[in-house]
Amino acid sequence: MTNPVRILVTPLLTLFTLLLISCTTSASLASPIATVIEKVQTENGTTWVLSYTLDKPAERLVFVRNPDSSRATRWQPEDSDIEIAYNITEQQEIVRSRTGKPISKVSFILTPTYKHLGKDYAPFSPFSDSGNAFHSGRLFVCANFCTDEDKEWPITLKVPNDEHIVLNEKVVKDSVTWVDKNNGRQVYVGKQQPVITNSAVALIDPALPKSIQASLKYDMPKIMAYFSRSLHPLAAEKPMLLASYAMVDGHSSQGGTLPNQIFMHWNKNNLDKHTENSDFANKTLWFFAHEAAHLYQPGSTDGVSENREQSWLHEGSADYFAATAMNYLYKDANSYIQRRIRHAFENCTQGLTQSTLANAYKKGRFNLYYSCGMIIHRAIDNVVQQKTSGKESLFTVWKQLQKAVSRGMPPGTATFLALLEPYNAPELINAIKNATSDDDKKAIQGIQALYKMHWQ
């Protein structure tokens, strides 16, 4: 990225602009709970305080997103009568009074460190300079229980006077209030200024190895341009890229996408050493390309598949799209790509002996949606190219899926398979149906048949 433009505006003006652009009026809010999250400087260091204030007292609060029970240990109630417990029957964390008192307001001290959450976004992604990005969806809460009416959450964020907030492409001092919805967003708090160009907003941790910084600055625009040509350009709002690095003992790295956001985090204390390995460079490029591909799928995960058992659609396609992007942009990565595909096939067939795709999410085998999904999409690409002598590809099918969903067709397997009918490939469709069935023998046979469908 060249010629970065740094935006500094007055707190009042920015707040007013954000409220106009990003938020609905308070009269339309579905949630009766006001959420305030504040980063406070104390004599003992930095503290993050989260408070919920209810319009009407409730017996309990329940969280919208419940990937595990880690809030019970990471959120410390300021009132000893308040606790966070995990309801096994409902599979969700709840806030309640130990003595049964109605809840009107509760506050918690948060743990602002990285925590890997299975198939969810980390609550905090620390930057090396004490800055932090957090996932707002982690804060969404309902009174007593969540209903279809709970669609929006008003959030106020306050920060120390020597730091600022980056919310989408706006830089805000002191505090900001917005109304969040869907899966939430990533919000940055710290001292680092974003680099804002005509095409993106970037917050790249300056402590990341130079090779990763260069890849983020130069490879990501090329990868995104590739998907823009192959699928569709993004909406008018600039995509935001956040790359954070906590130099701590650990071996975790995680990426994700939210509407118009790509974010990545590394929890390692020896990342420089890893970058000396050529496979690590290719793995990092794949990592970037996979997350970028999600931005170009129809709208969101909900716009691709109807439920978690169909996650092979969006995760598998993103992995295969990453392969096609790398193959197109980096010819020397071909051997790495072929190894990834072969390993995906091996991991998929081995995994299917323990769980079918239909039940993988229930058994914690979400990795099957990546490996098996990539093999399925590779076969579709090969067959479509063969049937059309290379004039069409998997990208053609996905553009048709985008149009179908935008016209009101239900997202998911049924619509996707219907789009393959015109290619007169019954063996392909049958193999996909077998691979995604709840019969483990048929599933393995289906994947084996799909792996062999290769167009030269």
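It should be emphasised that the depicted structure is a prediction, and the values quoted were computed from it without experimental measurement. Residue numbers count from 1 along this sequence.
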Using side-chain heavy atoms (C-beta onward) and a distance below 4.5 Å, is [X] in contact with [Y]?
{"X": "Thr413", "Y": "Leu313", "result": "yes"}
{"X": "Ile432", "Y": "Leu420", "result": "yes"}
{"X": "Glu90", "Y": "Asn66", "result": "no"}
{"X": "Lys273", "Y": "Leu271", "result": "no"}
{"X": "Ile337", "Y": "Met326", "result": "yes"}
{"X": "Gln402", "Y": "Leu231", "result": "yes"}
{"X": "His232", "Y": "Phe227", "result": "no"}
{"X": "Phe321", "Y": "Tyr296", "result": "no"}

Could you check Val195, Ile196, Val171, Leu241 and say which one makes a side chain to side chain contact (heavy atoms under 4.5 Å, CB included) with Val201?
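Passing option: Ile196.
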
[X] side chain to [Y] backbone, donor-acceptor under 3.5 Å:
{"X": "Gln254", "Y": "Tyr114", "value": "no"}
{"X": "Gln213", "Y": "Pro206", "value": "yes"}
{"X": "Gln76", "Y": "Leu110", "value": "no"}
{"X": "Asp150", "Y": "Thr147", "value": "yes"}
{"X": "Asn182", "Y": "Gly184", "value": "no"}
{"X": "Arg378", "Y": "Ile341", "value": "no"}
{"X": "Arg60", "Y": "Asn144", "value": "yes"}

I'd like to know if the side chain of [X] pairs up with that of [Y] as donor and acceptor (distance under 3.5 Å, no hydrogens or angles considered).
{"X": "Gln192", "Y": "His164", "result": "no"}
{"X": "Gln297", "Y": "His294", "result": "yes"}
{"X": "Thr113", "Y": "Thr111", "result": "no"}
{"X": "Asn44", "Y": "Thr42", "result": "no"}

Between Val62 and Val141, is the side chain to side chain contact (heavy atoms under 4.5 Å, CB included) condition met? List the steps.
CA-CA 6 Å; Val62 299; Val141 71; 5.7 Å; no

Which heavy-atom pair separates [X] from [Y] by the least distance, and what is that distance?
{"X": "Ile223", "Y": "Ala289", "answer": "CG2-CA, 3.9 Å"}
{"X": "Pro123", "Y": "Arg74", "answer": "CG-NH2, 4.0 Å"}
{"X": "Arg65", "Y": "Gly137", "answer": "CD-O, 3.3 Å"}

Start with the C-alpha gap between Lys158 and Asp174, add the side-chain angles, then the distance that decides, and say whether salt bridge (charged side-chain N to carboxylate O under 4.0 Å, His left out) holds.
CA-CA 6 Å; Lys158 301 177 182 180; Asp174 299 328; over 6 Å; no

In chain order, what residues pass the side chain to side chain contact (heavy atoms under 4.5 Å, CB included) check against [X], with sequence neighbours excluded?
{"X": "Ser104", "result": "Pro57"}
{"X": "Asp272", "result": "Pro209"}
{"X": "Glu346", "result": "Arg342, His343"}
{"X": "Asp162", "result": "Pro160, Lys191"}

Residues Tyr188, Phe134; criterion ring pair (Phe, Tyr, Trp, His ring centres under 6.0 Å); working and verdict:
CA-CA 7 Å; Tyr188 171 83; Phe134 69 89; over 10 Å; no

Ring centers of [X], [Y] separated by less than 6.0 Å:
{"X": "His377", "Y": "Phe416", "value": "yes"}
{"X": "Trp266", "Y": "Tyr245", "value": "no"}
{"X": "Tyr361", "Y": "Phe366", "value": "no"}

Criterion side chain to side chain donor-acceptor pair (under 3.5 Å) on Asn282 and Arg340, from CA distance to verdict:
CA-CA 10 Å; Asn282 283 321; Arg340 285 286 295 248; over 6 Å; no

Side-chain donor-acceptor distances from residues 46-54 under 3.5 Å, at least two apart:
{"unit_1": "Thr46", "atom_1": "OG1", "unit_2": "Gln41", "atom_2": "OE1", "d": "3.1"}
{"unit_1": "Ser51", "atom_1": "OG", "unit_2": "Ser107", "atom_2": "OG", "d": "2.7"}
{"unit_1": "Tyr52", "atom_1": "OH", "unit_2": "Leu139", "atom_2": "O", "d": "2.7"}

Just do the side chain to side chain donor-acceptor pair (under 3.5 Å) check on Ser70 and Asp68 with the steps written out, would you?
CA-CA 6 Å; Ser70 61; Asp68 65 4; 2.9 Å; yes

Step-by-step side chain to side chain contact (heavy atoms under 4.5 Å, CB included) determination, Met247 to Lys268
CA-CA 5 Å; Met247 291 179 282; Lys268 297 176 184 286; over 6 Å; no

Side chain to side chain donor-acceptor pair (under 3.5 Å) evaluation trace for Asp81 with Thr99:
CA-CA 7 Å; Asp81 183 48; Thr99 57; 3.0 Å; yes

Under the ring-ring contact (aromatic ring centres under 6.0 Å, His included) definition, can you give me all pairs with a residue in residues 63-89, not counting sequence neighbours?
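For residues 63-89, and leaving out neighbouring residues, the ring-ring contact (aromatic ring centres under 6.0 Å, His included) pairs sorted by first residue read Phe63-Trp75, Trp75-Phe108.
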
List in chain and number order the residues that pass ring pair (Phe, Tyr, Trp, His ring centres under 6.0 Å) with [X], two or more places apart in sequence or in another chain; answer none if no residue qualifies.
{"X": "Phe263", "answer": "Tyr121"}
{"X": "Tyr336", "answer": "none"}
{"X": "Tyr320", "answer": "none"}

Taking NZ, NE, NH1 and NH2 as the nitrogens, is one of them in Asp120 or Arg138 under 4.0 Å from a carboxylate oxygen of the other?
no

Salt-bridge test for Lys181 and Glu152: reply yes if a basic N is under 4.0 Å from a carboxylate O, no otherwise.
no

With salt bridge (Lys or Arg N to Asp or Glu O under 4.0 Å) as the rule and sequence neighbours excluded, what pairs involving residues 352-371 come up?
none

Please determine whether side chain to side chain contact (heavy atoms under 4.5 Å, CB included) holds for the pair Leu61 and Ile33, giving the CA-CA distance in whole Å, both sets of side-chain angles, and the decisive distance to 0.1 Å.
CA-CA 10 Å; Leu61 303 180; Ile33 303 172; 4.0 Å; yes

Take atom CD in Glu78; do more than 12 heavy atoms of anything else shown fall under 6.0 Å from it?
yes

Does Lys283, at its NZ atom, have more than 12 non-hydrogen atoms belonging to other residues, nucleotides or ligands within less than 6.0 Å?
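Open: at most 12 neighbouring heavy atoms sit under 6.0 Å from NZ of Lys283.
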
Got a sec, which residues hit salt bridge (charged side-chain N to carboxylate O under 4.0 Å, His left out) with Arg96, two or more places apart in sequence or on another chain?
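With sequence neighbours excluded, Arg96 shows a salt bridge (charged side-chain N to carboxylate O under 4.0 Å, His left out) to Glu83, given in chain and number order.
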
Report the residues that fulfil salt bridge (charged side-chain N to carboxylate O under 4.0 Å, His left out) with Lys441, sequence neighbours left out, ordered by chain and then residue number.
none

